[in-house]
Structure formats: C-alpha cells, structure tokens
Amino acid sequence: MAAKTVSLPLQPLPLPHSQPPPGFVNSHCASLYVGDLDPQVTESDLVKLFSTVGPIASVRLCRDISSQKSLRYAYVNFVHHYHASMALARLNHTYLKGFPMRIMWCQRDPLSRKTGYGNLFVKNLPPSINSLQLHSLFSRFGTILSCKVAEENGKSKGFGFVQFDTEESATSALYALHDTVIDEKKLYVSKFMKKSERMAAQEELNFTNLYVKNLSEDTTEELLRDQFSKFGKVSSVAIMKDNQGKSRGFGFVNFESSEDAKNAVGALNGAFIGSKYLFVGRAQRKTEREELLKREYMERCNYTNEQLKASNLFVNNLSTSVDDNKLKKHFSTCGQLTSVKVMCLDNGISKGFGFVRFSNPEDAMKALHTLNGTTLEGKTLYVAIAQRKEDRIRTLQNHYAQFSPPETFYNCNWNVHPFFYHFPPCPSSNQLLSQPIMYQDCQQYPLVTQTYHDRFSIFVPNRQKEWDNTRDQVYQQHLLKNNGTPGGLKLDSRKKGNKRSGPGESTYTGSAGAKGGAHTAGTSPGKSRRNLEKVLAENLQITGMLLENNSSDITKLLNPPNALGCSSFGGK
DNA sequence: TTGGATT
C-alpha cells in the first residue's frame, strides 16, 4: 500500500554523550508520544529503532482492548531526558514501515489538543513539501509541539497542521507565511478550526433568519414586516407572545435571501421602531445557542477570574458614527467575540466608548496590542482591559488621592499650566461614573507587566508622539494667549511646592518616563510588536529567496540539517 | 484541502 519502504537505520547512531551534559534542558520528562504509526508496527520495531538513540525504560504500543489491533500510537519512555530529546530531534518525521512518525513530548493533559491553542492549518502545499520540510519552514517562529503533512499512500494531500507552544508564535507564523509562494503555490495558513466550528462560521455568513429584540409592546408583526420588507422578500415574521397573548418583546424575521437579511441587520439593528431601539441579529438555532452557552461556560471554567476579566476590553474615542456592528467588524479580526456594545445616551447617540468581549483572554490581548491606536471612522481608538465600575472608581480615587494637590490649589486664581486641564477638579464617584476616562488600569491582568506607565499614564504608549505634539500645540496656543510667557505664573515658594505636587506635573513626568517603561517591559506591546516586525522582516528575505531561486535551492532552504546534523533516515 | 493520546 505505502509507496515508501521500511526505513530503519542501517546502523546505530553514534551517541555524542552517554549522559546528558551538565546544564542540559531542565525538564525531567523522558517520555515521548509517537503517533501516526503504520498499523503493522510492533513494540519490538519501536524498541529496535528508539534504542539506537539511548537506553529505553519501556515502550507501550496502544492497542484496541478487544481486537488487540494497534491504535497507531505508542509511548516510548527513555531512561534519560537527554536521549528522549535527541530521539525527538532525530526521528521525528522519519519513516517506519512506510509511514512518517509524528513524535511529540508526552502531554497527558489533552487541553491544548482539544482547544487548538497555537494550532495552524496549512493548505495548498506543493507535493514537494513533506512534514520535515513543513517543520523547518515554521520552526523559525517558535517551538513546534506537533507538525505534519497529511499523506495518503505515501503522497502528500497538500495540507497539514503546525501546532506551536504559544498563540504568539502561531500568530507570527500565520502573518508571515500566509500567501507565501513556494514552488508556484501560494500557501494558505489559518488558525485551525474544527469542522463544526467551520460549519458554524459558514452558517454565520449565510443566514436568512433574524432575531429581533427590544420590541415595544405595540409593535405588531405587520409593522415589522413593513420595515423589513424594504430590504427584500420576507418569508415569515413572528413575534413571541406569552399565555395572555402579550408580546414578549422579541421575535424572528426570515428572509428568502441571505444578502437581504444581512442588509436588514446593517440597517435596522439599532433603528428606532415603535418606541424603542431594535436589536437585530442573526437568529441562532436553539441547539446552537445551547451549545454556545455551554461552551462559554466550559471556557470560563478553564480560566481564572483574573483572566476572564481580561477578555473584556474597553474601547474609547469612538466616532459617533461607529455602532455595534462597525465595532464588531473592526475587532472580529482578532478572534471570536462574545459581545460588543457601544454605549449610547437615551436618544441613541453614541457616548463615544464601548466594550468588546472576546471568548478568551489571548484574543483580547491580541486585539489590545494590534488595535490600540488604530483608526476607525477617522478617530484613533484607545483600547484597554475593561474594569468593573467599582474597581475603576477605586483605582481613580487612589490615583487622585496620590496626585491631588491640597484644597487651596483649586481655590486660587493662578493662571494654570494647560497640562493641568486633563484633570477634573472634583473626583467624586458620581463624576467618575458620568464619563469615561482615557485609561483603565491593567493591574488586574497577570500577563501584563506593571510599570509606572501602566498604572498612571493617561497616554496611549504607541501614540505617545502624537499626544506630545498635541499637548505642545495646546501649550503654544496658551503661550500666545499669554503674550509668550508660560502663563505669567506668580508663584511664591509655597505655591511652587503645590505646583510640584500637582496632577499635571506628575502626569507629564509619568508619561515621559513611560516611553522607557513601555518598550523595555518583558511582555509589553512594544516588545511584541518588535518581535513581529523582526519575524516579518526575516520572512520577507526568505520569501524573496523562495521566489527567486529554483526548487533545488528551496529544498536546501527548507531542509536544513537537524540538531545532530542528520536530516532523516532514508525513506525517500 | 481542517488532527490528535488508555502507559
């Protein structure tokens, strides 16, 4: 059946050391998972092959309990971690009885396999790329846990999988390698999605049935039909009613065409109909809704409260033209959203800020890092981890307590430096709640480094220059107004003391210091951005080479010698 | 052309 022949090594490999060298990788794990085995592979085949690398403690080939047929995977337990590590480097993707083995560190916790964390799907691979080459191509972006090209009868099926140990590595690889041309084929790289998830995504694109809520009591099915028919042929309208025949405030409108349904969502979601603002969105099937709720619940169970908090983002400086849908569109590029809300006044006009909740904190962090400072409808977005109201009040009160000058500061008639205008004079909790501020504290999120800047600057790190320029302009205008003097301050020594403790002074120092803080902190957006840029730059070079060179050069490029200078055992 | 694992 398989085109390739048995490929046991012809002679035992030379062992560079019988014992792990001092200071070698800290892990004690010496167990490997060996998958995708030929069904004919036996325990003795595995022992024979793996013991060429180092002493083996045990091998277990998993078999069906009743038929005793091989389940095509095994555990190989070495005596030493070092030899396990070496076997992984030398034998992964090599052929045993015609099948390339997929070797991984033994990972008993199925979570990463089940969730698809860091997992990519790659398709449109040229037939020349096998698992080892795919591994080489992706390995520059991080640590690969598992990688394979799907094969049938020894021939590539043109697609494969690469799972990294972090989402960050996977995202870097995706951005860098998607659309790269190899052997005249343009790679397609995406996040791995289970079939059910893809079907659901497809369904989301092709829906015809709409869920309509927030209906006023007097809204009739006829009125709804009238409104929705403006966008295309409506096949049914139903408002849900209670036992007394009273509207339950929600219903369904089904269109004949999915395009019309989408247009209706765009136009009528948020529209004022009857005496209320409608919510209009894709109707979910009952099972789908139940599944979603169940999944959300399960996902929440896998995260700590602190991480869950970090799935919700606060988005400020929204244009009044941005509604829930536009916000959703802008943020859904970073992952699956579970809710989007632009906060509005009673008259439906946007308050200029909103909240975006992702299904997981990783996607929320990606959005925070990639979308903070981006432009939407002409305005520069400010994105931060959302805080609960009570946390925000506490943070702000602490903030003001630290920086507020004595009461006399507010009562005097100084010509105050314009930097001070950032601060309202009376931080009562009512006032704190009445308007959004530019900054929400990140201290609750465990993965974000705490710096002075993180806690106290009201300025967005990667917009720092723009902010500084704006403030300089404000200050210049201020100077002009005051005949070129910095406000004509007449300070006695007491007042100078006050000024030094004033909020504007502290903020200015804090934000200036933040430039260093934001770019040197271990997990800061600055570093992440730099890494990504580096990776992209490297890839551009590689892509350039791939485009220019012929296939033999490409093979060399994709198939560098592995850790021990040995590319594989035969097979090909 | 979208995966996976019982020592």
Side-chain angles (χ1 to χ4, degrees), chain A residues 28-39 41-47 50 56-79 81 84 87-88 92-93 99-131 134-135 138 144-153 155-165 170 173-174 177-205 336:
Chain A
H28 296 296
C29 178
S31 295
L32 298 176
Y33 162 85
V34 184
D36 296 348
L37 290 169
D38 180 300
V41 166
T42 64
E43 288 84 347
S44 65
D45 291 328
L46 292 165
V47 169
F50 282 85
I56 287 173
S58 65
V59 163
R60 179 174 177 105
L61 176 65
C62 295
R63 294 175 181 277
D64 180 87
I65 201 154
S66 54
S67 69
Q68 284 301 296
K69 275 189 177 169
S70 165
L71 291 170
R72 304 191 50 201
Y73 66 91
Y75 297 96
V76 176
N77 305 307
F78 281 88
V79 176
H81 167 86
L88 180 65
N92 197 9
H93 309 304
F99 279 74
M101 292 176 291
R102 185 169 53 86
I103 308 178
M104 300 169 65
W105 287 109
C106 179
Q107 174 56 268
R108 298 195 70 178
D109 181 357
L111 197 67
S112 76
R113 291 193 295 275
K114 296 263 189 278
T115 59
Y117 181 80
N119 200 9
L120 298 176
F121 170 66
V122 188
K123 71 176 178 181
N124 216 24
L125 288 165
S128 56
I129 300 283
N130 62 19
S131 296
L134 189 70
H135 197 122
F138 279 78
I144 291 173
L145 300 179
S146 166
C147 168
K148 84 167 176 198
V149 171
E151 287 189 8
E152 199 166 39
N153 297 330
K155 282 178 74 178
S156 164
K157 288 168 87 176
F159 67 94
F161 311 92
V162 183
Q163 184 160 23
F164 286 93
D165 65 340
L174 190 155
L177 293 176
H178 178 62
D179 277 350
T180 301
V181 177
I182 300 176
D183 279 1
E184 298 179 339
K185 299 219 37 165
K186 197 188 257 187
L187 288 197
Y188 170 94
V189 185
S190 68
K191 287 212 167 189
F192 171 77
M193 281 172 87
K194 285 196 180 73
K195 195 173 184 181
S196 58
E197 290 170 339
R198 286 202 318 282
M199 303 283 278
Q202 196 60 35
E203 204 164 285
E204 274 192 38
L205 288 174
Q336 194 185 1

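Everything quoted here is computed from the prediction, not taken from an experiment. Here is the naming used below: chain letters follow the sequence lines, and residue numbers restart at 1 for every chain.
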Side chain to side chain contact (heavy atoms under 4.5 Å, CB included) with A:S67: which residues, sequence neighbours excluded? A:D64, A:K69

Counting primed atoms plus P, OP1 and OP2 as sugar-phosphate and everything else as base, spell out the protein contacts along nucleotides 1-7 of chain B at 4.0 Å heavy-atom distance: B, S or - for each nucleotide, 5' to 3'. BBBBBBB

Counting only pairs under 3.5 Å, give me each side-chain donor-acceptor contact of residues 184-193 of chain A, with atom names and distances, residues two or more places apart or in other chains.
{"from": "A:K185", "atom 1": "NZ", "to": "A:N124", "atom 2": "OD1", "distance (Å)": "3.4"}
{"from": "A:K191", "atom 1": "NZ", "to": "A:E167", "atom 2": "OE1", "distance (Å)": "2.3"}

Contacts satisfying salt bridge (charged side-chain N to carboxylate O under 4.0 Å, His left out) that involve residues 100-122 of chain A (not counting sequence neighbours) are A:D36-A:R102

Please enumerate all residues that pass salt bridge (Lys or Arg N to Asp or Glu O under 4.0 Å) together with A:R63, with sequence neighbours excluded. A:E43

Residues two or more places apart in sequence or in another chain: which of them pass salt bridge (Lys or Arg N to Asp or Glu O under 4.0 Å) with A:R72? none

